[in-house]
Amino acid sequence: MSISHTNEMALFDNNVQKYCRFFELASPQQFTLEQWYQVIARTVLEMAYHKPQGKVDEQRHINYLSMEFLIGRLTGNNLMNLGYYEDIKAYLAQYQVELVDVLEQERDPALGNGGLGRLAACFLDSMATLGQAATGYGLHYQYGLFKQAFQDGKQVESGDEWGRNQYPWHRYNPSKTQQVHFGGKVVAIEGDRYEWQPKLTIEGKAFDLPIVGYQNDVIQPLRLWQADSPQSFDLNQFNEGKFVAAEKTLIKSTALTQVLYPNDNHRVGQQLRLMQQYFHCACSVADILSRHLAQGFSLEEFPKRQVIQLNDTHPTLAIPELMRILLDEHQLTWQQAWSICQQSFAYTNHTLLPEALEQWDQRLFKQLLPRHFKIVEKINHLFHQQVKAQFGDDAKVWEKLAILFDYRVRMANLCVVSCFAVNGVAQIHSDLLVSQLFPEYHQLFPTKFCNVTNGITPRRWIQQANPALSQLLDQTVKGDWKKDLELLHQVENVVDDVNFREAYWHIKQQNKAALAREIEQTLSLSVNPDAIFDVQIKRFHEYKRQHLNLLNIIATYQWLKDNPNKDYTPRLFVFSGKAAPGYYLAKNIIHAINNVAEIINNDKQMKDKLQVAFLPDYRVSLAEKIIPAADISEQISMAGKEASGTGNMKLALNGALTLGTLDGANVEIAEMVGQEHIFLFGHTVESIQTLLAEGYSPKTYYRNDPVLKNAVDFLAKGKASKGDKTTFNLMLDSLLEHDPFLVFADFESYRQAQERIGQAYLDRDAWLRSAILNTARLGKFSSDRSIRDYQSRIWLKK
Ligand code: 4GP
């Protein structure tokens, strides 16, 4: 269905000609691809604001606070959502320019690490598409997530200066500038009112990116704050006790938003990070309040009109910040202010890993944010009374529930106490949140907890990433599946239709061929396009168990060496992902995969049988190339550790079959798609408990399973490290001594699942049927559904 945009395209052409003169060129023919990209983005941005705004539901405005928004390239996505993609493609053709080549010019704004940052981006897209009034609030980092390259198999990092100053989708919005204060002291005024006399003030400038709804003319801002003040400050002024080692002492104020901390599922208590968090919260809360008041509403009406959704605990300081403003600047009583906060904030938890639950050193917190500390103290004190009333004066219970404990400020506890809703991101995760992490809180506040299973936007992850599949779905499905992904169930009707099946198969093969070209270009590795493309793309973390995948690859290699004439369904194992620069064990796993890949890929006997491609610098635009080409989606975390996963949804919707544990959203994927169309393996949350209770000994598995032993020994004996037996000690010692994520315990079951996959792929018809049913049955995993769940279970719950 193509809409005619004659007038708009005339405007577009006008602008192109204008830029032509501007750049002193005789004809647009002379634009470089980079110039085309800049011209298209700037022009389309203006065109978008020329249109009358689409309707949004303002019942409650959702203020989505997140330290990360991994938005990916915006140009292609915005062209599609605005409906201009085909027009501009045709326009460029007259100059013999391919739109896809132009789109390749855009650098990914990598303003996030992975999971929760990408989720935030999908949610903004869905809120705009559903017409849910919303503003995203984040930070305008100068350096996105580091760039990754490999040197001798090892990860090396370099800064990702992504070019925020030239980014054409920006709008600098000086009318929104905020002042943010730090340090100093507080002076009591009266009752709960204090005056804060800060030591340092930094200016926060707003840069807005347009979030464009899918063909509904809704544009909402993602407002990113940038620190900008001429002065420098001494980090030690907040750090007299030197309890947090400062990376540098005298730093420029602009440094505050220079770097994104590169940690995923792990928090490091650096002072600068706490300052970033407060800066983010202070700017955002001030902006939200001034928008609310400017619309003529009273403070009492704040909870009715606003929700502040906290994406993990990183923006928790927004709670004491709103309290501070209501108490000290608007002179509300504690009860009034607390009641407003308790009805306005909601918290999403993204991990159960203890090392990821944020805690701050109390003294640092107090020196940096003296007024906020007082507020947190009072919240803690009042909450203690409530806990005593429910549980009696039980020190053990208080030790778990306290916000302030052992000279730490525990952010998750502050969230649970203060927010009206707490949600996990997949059913199993939400259940574990209640049963393992917050059981006493659940007793105290049974109605606060709920689940909202994650989702992904089909506009980016099917329409944009997989245009051929998207077209096939357009031809097959009645109604617009991009707006209502459940419509994909209609595909079940054609699962046996020869033409549809052939078209679907052909698309996968084309996508595989395209990825094979990408691999050839990047790694100079020529791969077998007919092999099973088995893909594991995500951050490197022990719990995600890329090393389980690696051990199977080694074992397979050894088996193929011993049995060169036995049947084996050829495999290409594709990896991509980064490890946090300070996470040495994860980096050790990357190193091992690269070294093993080199051996296998250089072994002529393995040619077209077994190959390993590790694509460097994983990012959204690379994911868009890998996902449509995958046959197998590796989702092999230890059960109970992956909160949800969203890559699992993207891959399955694009027709990859999941090889997974019963963890995170895999559980729900299995329910939707049916047990016959997914490869499950490994221990469950329950069987892990039994195993651990009985005393888990990884060495026993190592001794008793010769296949596992050989694979481990391959690394231990230096066969992948030029004879050096110590290179992979970090990983191997951890596996052999503790194996905290039960890699050895699941190895055998994983191998069996891989064997089933090899067999299943031989039956092309059955395989294809499963792949098609994966696409057909996973409509639930649209982020539009997630947002509707947020609306009905949290934001607009009656
Ligand atoms: C991630 C979780 O690890 C992942 O399972 C989930 O899908 C994603 O959040 C979105 O909910 N967590 C993080 C983090 O990104 O830093 O904790």
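In this text, all values refer to a predicted model and were calculated from it rather than measured experimentally. Note that ligands are numbered from 1 as they come in the structure, with each ligand's atoms numbered from 1 the same way. In what follows, residues are counted from 1 in the order of the sequence shown.
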May I ask you to test the Leu651-Ile669 pair for a side-chain heavy-atom distance under 4.5 Å?
-> no

Would you say Gly664 contacts ligand 1, with heavy atoms under 4.0 Å as the rule?
-> no

Atom 15 (O) of ligand 1: the protein heavy-atom neighbour that sits closest, reported with distance to 0.1 Å | Leu116 N, 3.0 Å

For atom 4 (C) of ligand 1, closest protein heavy-atom neighbour | Glu642 OE1, 3.3 Å

Note the single closest protein heavy atom to atom 2 (C) of ligand 1, along with its residue, its atom name and the distance in Å.
-> His350 O, 3.4 Å

Check the pair Ser644, His429 against side chain to side chain donor-acceptor pair (under 3.5 Å), reporting the backbone distance first and the verdict last.
-> CA-CA 7 Å; Ser644 162; His429 168 63; over 6 Å; no

Which ligand 1 atoms are under 4.0 Å away from a heavy-atom of Val425?
-> 11 (O)

For Phe150 and Phe575, what are the C-alpha separation, side-chain angles and deciding distance, and is it a ring-ring contact (aromatic ring centres under 6.0 Å, His included)?
-> CA-CA 13 Å; Phe150 300 133; Phe575 289 91; over 10 Å; no

Which of the numbered atoms in ligand 1 are below 4.0 angstrom from a heavy atom of Asn454?
-> 6 (C), 7 (O), 10 (C), 11 (O)

Spell out, as yes or no, whether a donor-acceptor pair under 3.5 Å connects the side chain of Ser783 to the backbone of Ile456.
-> yes

The protein heavy atom nearest to atom 17 (O) of ligand 1 is Arg267 NH2, 3.2 Å

Which atoms from ligand 1 have a heavy atom of Tyr543 less than 4.0 Å away?
-> 3 (O)

Hey, is Phe123 one of the residues with a heavy atom under 4.0 angstrom from ligand 1?
-> no

Take His547 and Phe741 through the ring-ring contact (aromatic ring centres under 6.0 Å, His included) test and state the conclusion after the steps.
-> CA-CA 11 Å; His547 41 355; Phe741 299 100; 8.0 Å; no

Sole candidate of Arg107, Lys147, Arg619 that passes salt bridge (charged side-chain N to carboxylate O under 4.0 Å, His left out) when paired with Asp160 | Arg107

Looking at Ala643, which atoms of ligand 1 are within less than 4.0 Å of one of its heavy atoms?
-> 5 (O)

Gly136 and Phe69: which non-hydrogen atoms are nearest, and at how many Å?
-> CA-CZ, 4.1 Å

Which of the numbered atoms in ligand 1 are below 4.0 angstrom from a heavy atom of Thr351?
-> 17 (O)

Atoms of ligand 1 close to Gly645 [distance to a heavy atom under 4.0 angstrom, numbered from 1] | 4 (C), 5 (O), 6 (C), 7 (O)

Shortest non-hydrogen separation from Lys578 to Arg539 and the atoms involved | O-NE, 3.1 Å

Protein contact of atom 16 (O) of ligand 1 - nearest heavy atom, named by residue and atom, plus distance | Asn265 N, 3.0 Å

Any chance NZ of Lys625 has more than 12 other-residue heavy atoms, nucleotides or ligands included, within less than 6.0 Å?
-> yes

